[in-house]
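Since we're looking at a predicted model, the values are computed, not measured.
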Amino acid sequence: MDHLMSFPGRFAEQLVADHLHSVSLSFLCDRLEIRRGGVAANIAYGLGRLGMAPVLVGAAGADFPDYQVWLKQHGVDTDSVLVVPREHTARFVCTTDADHNQIATFHAGAMRAAYTIALRDVRQRVGELGLVVVSPNDPAAMLRHTEECRGAGLPFVADPSQQLARMDRADVRFLLGEARWLFTNEYEAALLQECTGWGAASVLDRVGTWVTTLGAGGVRLQRAGHESVVVPAVPGVAVTDPTGAGDALRAGMLAALALDVPVEAAARLGCALASFALESIGTQTYAPDARAVAGRVREAYGERTAAALAAVPGLAAVPNRARIA
């Protein structure tokens with residue numbers, strides 16, 4: 001669950017350079033929004049909106065039933081979620097200032113039990129998986145699911161995100177090896193290189209394609225032996241809340257990639273879906289219909305991109321449900 005607050009000032013104006021060793025600050029916020037969230041659930045929600053068949057894999061607390069109904073209503077298979085009695089579902093408390101800087105606190109709660117979930121059991125229940133997304137989770141679960149993907153020959157996405165700050169060098173390196181896709185934002189891209197001790201070229205030697213989100217600058221795509229490509233963001237978006245835009249971008253991209261859409265067109269769909277998320281408060285409140293998404297793609301990127309994305313079920317008349325966990 002996300003507790004999202006808005007501070008009308010700027011964090012930087014409240015920090016005193018000579019006293020950063022003893023910070024004690026309180027921000028009087030104008031707005032509080034309590035929303036459903038979580039990286040995996042946010043991505044799954046976006047995939048469901050695009051007509052895919054996402055399978056959510058993770059651990060939730062005894063407070064999950066209402067959330068579970070919501071996700072099922074939006075096309076997400078939640079039957080592989082482990083419900084842990086006497087625990088809360090993971091909680092994210094975030095304050096955003098006038099410059100869209102954020103200060104956040106995260107409580108893992110039931111997420112600590114996610115390492116007990118086996119992808120083998122998920123596959124036995126739903127059948128073959130087209131793509132596995134290893135997003136920030138309990139670190140032991142991330143390592144286990146990465147290892148299972150390699151052992152079973154399942155294509156997977158490395159999306160370590162917030163967990164880069166708490167995993168050691170060997171573990172971060174382990175997450176990257178043989179990943180078909182690596183997702184980071186611009187700050188995480190630098191942090192990942194610091195955590196692994198590898199330069200960008202060494203990272204690219206170990207992953208298929210490195211996708212770096214650049215905020216208003218769009219998305220950078222890198223592959224070993226190829227020139228990097230930057231896909232521009234949708235222009236003219238009125239940003240209401242940046243929280244969850246990266247997850248929406250991942251959902252749009254992954255929906256297209258799972259259907260073998262060329263990577264640049266997939267990134268454009270990701271940017272289009274992210275633009276709707278930016279216009280909404282919360283991470284699962286954007287709700288464009290197929291016509292709106294297709295129209296924004298066409299307006300921002302042209303008819304050729306729209307044609308390349310015709311295979312995505314949420315943009316076409318005939319569904320094509322590839323499973324993504």
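When all heavy atoms of Ala118 and Arg144 are compared, the pair lying nearest together is CB-NH2, 3.1 Å. Between Ala266 and Val261 the shortest heavy-atom distance is N-CG1, 4.0 Å. Between Ala158 and Leu175 the shortest heavy-atom distance is CB-O, 3.6 Å. Residues Ala113 and Val84 share a closest heavy-atom pair of CB-CG2, 3.8 Å. Taking all atoms of both residues into account, the shortest heavy-atom contact from Pro54 to Ala44 is CG-O, 3.4 Å.
Residues forming a side chain to side chain contact (heavy atoms under 4.5 Å, CB included) with Arg166 (at least two apart in sequence, or on another chain): Pro139, Gln163. Take Asp159 and apply the salt bridge (Lys or Arg N to Asp or Glu O under 4.0 Å) test, not counting sequence neighbours, and it matches Arg250. For Arg206, the side chain to side chain contact (heavy atoms under 4.5 Å, CB included) partners two or more places apart in sequence, or in a different chain, are Trp198, Ser202. Ser80 pairs by the side chain to side chain donor-acceptor pair (under 3.5 Å) definition with Arg125, not counting sequence neighbours. Not counting sequence neighbours, the partners of Asp171 by the side chain to side chain contact (heavy atoms under 4.5 Å, CB included) test are Leu143, Met167, Asp168. In this structure, Tyr301 has no side chain to side chain donor-acceptor pair (under 3.5 Å) partners at least two apart in sequence or on a different chain. In terms of the side chain to side chain donor-acceptor pair (under 3.5 Å) criterion, Asp205 has no residue partners (sequence neighbours excluded). With sequence neighbours excluded, no residue forms a salt bridge (Lys or Arg N to Asp or Glu O under 4.0 Å) with Glu227. In this view, Gln73 satisfies the side chain to side chain donor-acceptor pair (under 3.5 Å) rule with no residue, not counting sequence neighbours.
Distance CH2/Trp70 to OG1/Thr78: 14.0 Å, rounded to 0.5 Å. Interatomic distance, OG1 of Thr146 versus CG of Leu154, reported as 11.5 Å (0.5 Å rounding). Here Thr213 contributes atom OG1 and Asn185 contributes atom CG; the two are 5.0 Å apart, rounded to the nearest 0.5 Å.
The list of salt bridge (charged side-chain N to carboxylate O under 4.0 Å, His left out) pairs with a residue in residues 81-95, not counting sequence neighbours, reads Asp63-Arg91, Glu87-Arg112. Among residues at least two apart or in separate chains, there is no ring pair (Phe, Tyr, Trp, His ring centres under 6.0 Å) pair with a member in residues 101-154.
In the displayed structure, Asp30 atom CG is contacted under 6.0 Å by more than 12 heavy atoms of other residues, nucleotides or ligands. The number of heavy-atom neighbours closer than 6.0 Å to CD of Gln102, taken from other residues, nucleotides and ligands shown, is above 12.
Judged purely by atom type and a 3.5 angstrom limit, Gln193 uses its side chain to pair as donor or acceptor with the backbone of Ala189. The backbone N or O of Ala114 lies less than 3.5 Å from no partner atom in the side chain of Asp138, so there is not a single donor-acceptor pair. With hydrogens and angles ignored, the 3.5 Å screen pairs no side-chain donor or acceptor of Thr243 with any backbone N or O of Gly282. Judged by distance alone, the side chain of Arg180 and the main-chain N or O of Val157 form no donor-acceptor pair under 3.5 Å. A distance-only check finds no donor-acceptor pair linking the side chain of His74 to the backbone of Lys72 [under 3.5 Å]. With hydrogens and angles ignored, the 3.5 Å screen pairs no side-chain donor or acceptor of Tyr45 with any backbone N or O of Ala248. Thr283 places a side-chain N or O within donor-acceptor distance of the main-chain N or O of Arg36, the cut-off being under 3.5 Å. Between the side chain of Asp2 and the backbone N or O of Leu4 there is no donor-acceptor pair closer than 3.5 Å. Judged by distance alone, with hydrogens and angles left aside, the side-chain atoms of Asp99 form no donor-acceptor pair with the main-chain N or O of Asn101 at under 3.5 Å.
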Practice item. Go through the steps to decide whether Phe183 and Leu254 satisfy the test side-chain contact (heavy atoms from CB on, under 4.5 Å), and finish with yes or no. Key: CA-CA 11 Å; Phe183 278 86; Leu254 293 169; 4.1 Å; yes

Point to revise | Derivation and outcome, side-chain contact (heavy atoms from CB on, under 4.5 Å), residues Glu128 and Arg123 | key: CA-CA 6 Å; Glu128 200 51 72; Arg123 295 172 71 197; 3.1 Å; yes

Exercise for review: Please test Leu71 against Val81 for side-chain contact (heavy atoms from CB on, under 4.5 Å), starting from the C-alpha separation and ending with a verdict.
Suggested key: CA-CA 12 Å; Leu71 290 170; Val81 174; over 6 Å; no

Side-chain donor/acceptor pairs under 3.5 Å, residues 269-278, sequence neighbours excluded:
from: Ser275; atom 1: OG; to: Ala272; atom 2: O; distance (Å): 2.5
from: Ser275; atom 1: OG; to: Arg296; atom 2: NH1; distance (Å): 2.9

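Phe11 has its side chain out of reach of Leu25: every pair of non-hydrogen atoms, C-beta onward, lies at least 4.5 Å apart.
Neither side chain, Glu186 nor Thr212, offers a donor N or O lying under 3.5 Å from an acceptor on the other.
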